[in-house]
Engineer: 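Dropping the structure in here first, questions after.
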Amino acid sequence: MERKVRVRFAPSPTGPLHMGGVRTALYNYLFAKKHNGDFILRIEDTDQARFVPGAEEYIIQALKWCGITPNEGVGFGDGGHAPYRQSERKPMYRQYVEQLISSGHAYYAFDSTEELDEMRSRMEKAGSSFAYNAIIRQSMKNSLTLSEDEVQRRLAANENYVVRIQLPRNEEVRVKDIIRGWVVVNTAQMDDKVLFKSDGMPTYHMANVVDDYTMQITHVIRGEEWLPSAPLHVLLYRFLGWESSMPEFAHLPLLLRPDGNGKLSKRDGDRLGFPVFPLNWTDAKTGEQSSGYLERGYFSDAFVNMLALLGWHTSGNREIFNMDELVQEFSLDRVSKSGAKFDPEKAKWFNQQYLRLHSDEELADLFAASLQEKHPGIVNSVSRDFLVTACKLIKEKANFVHEFWEQGSYLFIAPEMYDQEVIKKRLNERSMAFVVAMKDVFLGLAEFTAASTESAFKQVAEAQGIKTGEVMQLFRVCLTGVAGGPALFEMCALLGKAESANRLERALATIKTQ
RNA sequence: GGUCGGUUCGUCUAGGGGUUAGGACAUCUCCCUUUCACGGAGGAAACACGGGUUCGAUUCCCGUACCGACUACCA
């Protein structure tokens with residue numbers, strides 16, 4: 001019988017979740033939804049020393065913002081497998097470690113950190129690398145080399161110890177990866193990894209396998225950095241007698257830095273001029289700030305869409321997918337094998353696409369909210385209709401809502417400065433007279449629309465024997481101060497008769513004295 | 001160093017034994033708009049290299065190079 005698909009995202013709360021982590025979560029989510037399965041958020045906080053306050057909350061908030069919502073896990077409710085924090089699951093690991101020891105698949109090791117370090121550096125000096133393996137372990141202090149009595153004595157004396165897996169000396173381990181096919185590693189190349197630390201906590205490997213098994217995880221979808229330890233995990237399933245319900249593995253390609261080498265890391269921060277985090281983050285210790293996609297003005301669906309396409313693609317040319325469509329289309333065997341360099345320019349493009357997808361009304365809401373922060377007076381000074389129409393005019397030119405203000409503040413505030421180049425080029429007796437005439441004609445217009453202002457403009461030009469091209473730019477600058485912008489007469493209509501005329505008059509006065 | 005993984009335009013990718021190797025971002029040119037943007041048209045731009053297998057390889061196999069990950073009582 002087919003098991004119900006259950007996948008998990010298992011970050012450790014050692015800092016904010018970066019976009020690579022978000023993508024891993026996303027792929028897990030998409031896979032789960034696609035197969036009507038469960039998506040679980042598990043917090044892997046077995047390393048007490050690296051715990052960062054606030055990181056867990058950040059992870060939850062980030063997933064929520066992205067719409068990647070687990071249906072089970074820390075912050076998202078109990079699906080019958082609580083707790084979902086490994087620190088709270090601590091008591092359940094012990095029994096499995098003991099099971100491994102009694103079945104001869106693990107052993108106690110009493111070597112101190114100092115002894116290990118010394119050993120390591122001595123061997124490295126001699127030109128060979130140190131690995132606590134089937135050969136080396138014979139000359140170390142562990143329950144394989146020490147007498148039974150000695151081991152019991154040390155344990156009774158509460159000496160520090162770890163538990164290590166006991167690997168076979170020379171055996172091929174085969175891992176089937178959905179994305180990469182079979183990966184074969186010989187145990188001779190591996191080492192007896194620590195499963196249980198001296199602080200009483202399991203290591204990642206142990207906790208991960210036990211939790212995936214007990215939580216009935218069917219597919220482990222995680223970053224490629226875990227591929228080297230996948231054989232170890234396979235061995236753990238085998239030694240624990242769980243091989244028949246072992247999950248399938250899929251190791252995702254890494255997200256690479258845009259500027260060349262290395263995987264995209266948390267430490268990159270804003271160094272390269274783009275956020276690596278979904279949300280802003282302030283390091284409590286150093287006070288260092290890192291910006292997030294949310295605060296930079298990205299739509300979450302644009303961010304998610306962009307991330308989805310970094311390492312996954314359909315056979316067609318389509319690039320715009322909302323979350324439902326991603327779920328529909330997603331498939332692990334269309335995930336690419338090679339790492340993807342992240343391109344900030346393309347990220348902007350995605351946002352632009354989503355900006356267009358939003359209605360003028362929605363954009364007005366967003367714009368109003370962003371104005372409320374920086375220019376609270378402005379929002380209250382204009383009508384809802386004005387704002388909606390303004391958004392309609394500006395949105396074609398912007399990638400982000402926050403650019404609306406930079407690109408269209410003149411719709412709200414009459415200009416103080418006028419584009420000097422245009423004035424130099426187009427200001428003369430004739431054009432000045434034209435603007436003066438236009439002001440009066442505007443004032444006399446019964447109906448003040450884009451169409452009526454435009455035809456008035458043309459009539460005046462004709463009457464004065466002037467080509468529209470000669471005065472169009474100057475007229476625009478008089479109205480808005482700048483040379484570029486939305487359709488001229490649409491703007492006139494938006495500004496209204498009085499304001500338009502006022503601006504023309506003011507421009508005339510200002511420019512003359514300049 | 002060792003192990004594992006990867007390699008199609010600058011970037012993300014489609015494709016796949018016989019193709020003018022397709023799309024998108026970025027870039028360039030032109031058109032539209034007497035503005036900017038959008039849009040439209042077009043240009044430049046890629047199968048890492050060497051050997052096999054084959055009538056034929058960018059596609060399959062091997063090697064080399066390069067890139068990356070891992071190599072902690074971190075995840």
Side-chain angles (χ1 to χ4, degrees), chain A residues 10-15 44-50 86 109 111-113 116-117 120 124 127-132 160-164 175 177 179-181 183-186 188-191 193-205 207-208 222-231 251 253-254 256 258 260-263 306 309-320 334 336-350 352-353 356 393-399 407 419 422 467-473 475-477 480 482-488:
Chain A
S12 60
T14 54
E44 310 227 328
D45 56 349
T46 54
D47 187 357
Q48 323 275 348
R50 292 209 310 157
Q86 289 184 329
D111 319 279
S112 69
T113 310
L116 254 16
D117 286 346
R120 196 168 287 128
E124 270 160 20
S128 52
S129 57
F130 174 80
Y132 207 113
N160 271 355
Y161 69 89
V162 299
V163 177
R164 289 180 181 271
V175 182
D177 186 278
I179 295 166
R180 285 151 218 284
V183 176
V184 184
V185 180
N186 195 294
Q189 311 295 342
M190 299 165 60
D191 59 351
K193 282 272 180 280
V194 171
L195 300 178
F196 204 73
K197 301 186 271 189
S198 56
D199 64 0
M201 283 294 263
T203 58
Y204 168 84
H205 305 106
N208 191 264
R222 70 218 317 185
E224 192 185 354
E225 68 267 30
W226 294 110
L227 192 53
S229 53
H251 289 92
L254 264 14
L256 272 16
N261 22 39
K263 67 172 171 175
M306 179 272 293
L309 271 288
L310 233 40
W312 170 86
H313 209 279
T314 61
S315 60
N317 286 328
R318 177 137 86 115
E319 297 197 279
I320 302 299
R334 290 204 63 88
S336 47
K337 294 180 175 71
S338 50
K341 269 186 192 167
F342 167 67
D343 179 8
E345 287 303 319
K346 188 93 185 212
K348 282 185 198 160
W349 178 80
F350 273 105
Q352 184 195 53
Q353 298 301 306
R356 303 254 157 78
L393 294 182
I394 314 170
K395 77 169 177 184
E396 291 299 314
K397 321 159 50 52
N399 291 331
Q407 305 211 6
D419 188 298
V422 174
K467 280 190 192 157
T468 53
E470 285 179 56
V471 283
M472 191 78 103
Q473 276 288 80
F475 191 73
R476 172 184 285 280
V477 167
T480 69
V482 296
L488 188 46

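Each chain gets a letter, A, B and so on, in the order the sequences are listed, and its residues count up from 1. If you're wondering where the values come from, they're calculated on a predicted model, not measured in any experiment.
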Engineer: Out of A14(B), A75(B), C70(B), which nucleotide sits closest to the side chain of Ser315(A)?
Structural biologist: A14(B)
Engineer: Distance-only, no hydrogens or angles: does the Arg334(A) side chain make a donor-acceptor pair with backbone N or O of His313(A) under 3.5 Å?
Structural biologist: yes
Engineer: Which atom pairs link the protein and nucleotides 5-7 of chain B when you take only N or O atoms and keep those under 3.5 Å?
Structural biologist:
residue: G5(B); atom: O2'; partner: Arg180(A); partner atom: NH1; Å: 2.7
residue: G5(B); atom: O2'; partner: Glu224(A); partner atom: OE2; Å: 3.0

Engineer: Hey, can you tell me if Trp226(A) and His205(A) have their rings parallel, tilted or perpendicular (30° and 60° cut-offs)?
Structural biologist: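 Aromatic pair Trp226(A)/His205(A) classed perpendicular.
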Engineer: Does a side-chain heavy-atom distance below 4.5 Å link Lys197(A) with Thr203(A)?
Structural biologist: yes
Engineer: Between Lys346(A) and Asp343(A) (salt bridge meaning N to carboxylate O under 4.0 Å), is one present in this structure?
Structural biologist: no
Engineer: I need the Ile320(A) CD1 to Trp349(A) CH2 distance, nearest 0.5 Å.
Structural biologist: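 It is 4.5 Å, given to the nearest 0.5 Å.
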Engineer: Any donor-acceptor pair, under 3.5 Å, between the side chain of Lys346(A) and the base of A24(B), if you only look at N and O atoms?
Structural biologist: yes
Engineer: Looking at every strand, decide which applies to Ala340(A) at a 4.0 Å heavy-atom threshold: base, sugar-phosphate, or nothing.
Structural biologist: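 Touches sugar-phosphate only.
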Engineer: Who is the Watson-Crick or G-U wobble partner of C66(B), with both distances under 3.5 Å?
Structural biologist: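 Here C66(B) is engaged in a pair, and the nucleotide opposite it is G6(B).
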Engineer: Figure out the CD/P separation between Gln352(A) and A26(B), and round it to whole Å.
Structural biologist: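 Taking atom P of A26(B) as the reference, CD of Gln352(A) is at 8 Å.
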Engineer: Which nucleotide, if any, forms a Watson-Crick or G-U wobble pair with C60(B), using both distances under 3.5 Å?
Structural biologist: G52(B)
Engineer: Taking a pair as Watson-Crick or G-U wobble with both distances under 3.5 Å, which nucleotide is matched to A14(B)?
Structural biologist: none
Engineer: Given atom NE2 of His313(A) and atom P of U11(B), what is their separation to the nearest angstrom?
Structural biologist: 16 Å
Engineer: Measure the distance from CD on Glu225(A) to C1' on C4(B) and round it to the nearest whole Å.
Structural biologist: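 Answer to the nearest Å: 14 Å.
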Engineer: Using Watson-Crick or G-U wobble geometry with both distances under 3.5 Å, which nucleotide pairs with G39(B)?
Structural biologist: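 Matched G39(B) with C31(B) under the 3.5 Å cut-off.
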Engineer: Can you find a pair of side-chain heavy atoms, one from Leu227(A) and one from Arg180(A), that are under 4.5 Å apart?
Structural biologist: yes
Engineer: Provide the Watson-Crick or G-U wobble partner of U20(B), both distances under 3.5 Å; none if there is no partner.
Structural biologist: none
Engineer: Taking the P atom of each, how far is A14(B) from U53(B), in whole Å?
Structural biologist: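 It comes out at 31 Å once rounded to the nearest Å.
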Engineer: What I'd like to find out is whether the side chain of Lys193(A) reaches to under 4.5 Å of the side chain of Arg164(A), using heavy atoms alone.
Structural biologist: no
Engineer: When you measure from the side chain of Leu254(A), which nucleotide among G68(B), A75(B), A14(B) comes out closest?
Structural biologist: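 Closest nucleotide among those given: G68(B).
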Engineer: Of Ser198(A) and Ala398(A), whose closest RNA chain B nucleotide lies nearer the 5' terminus?
Structural biologist: Ala398(A)
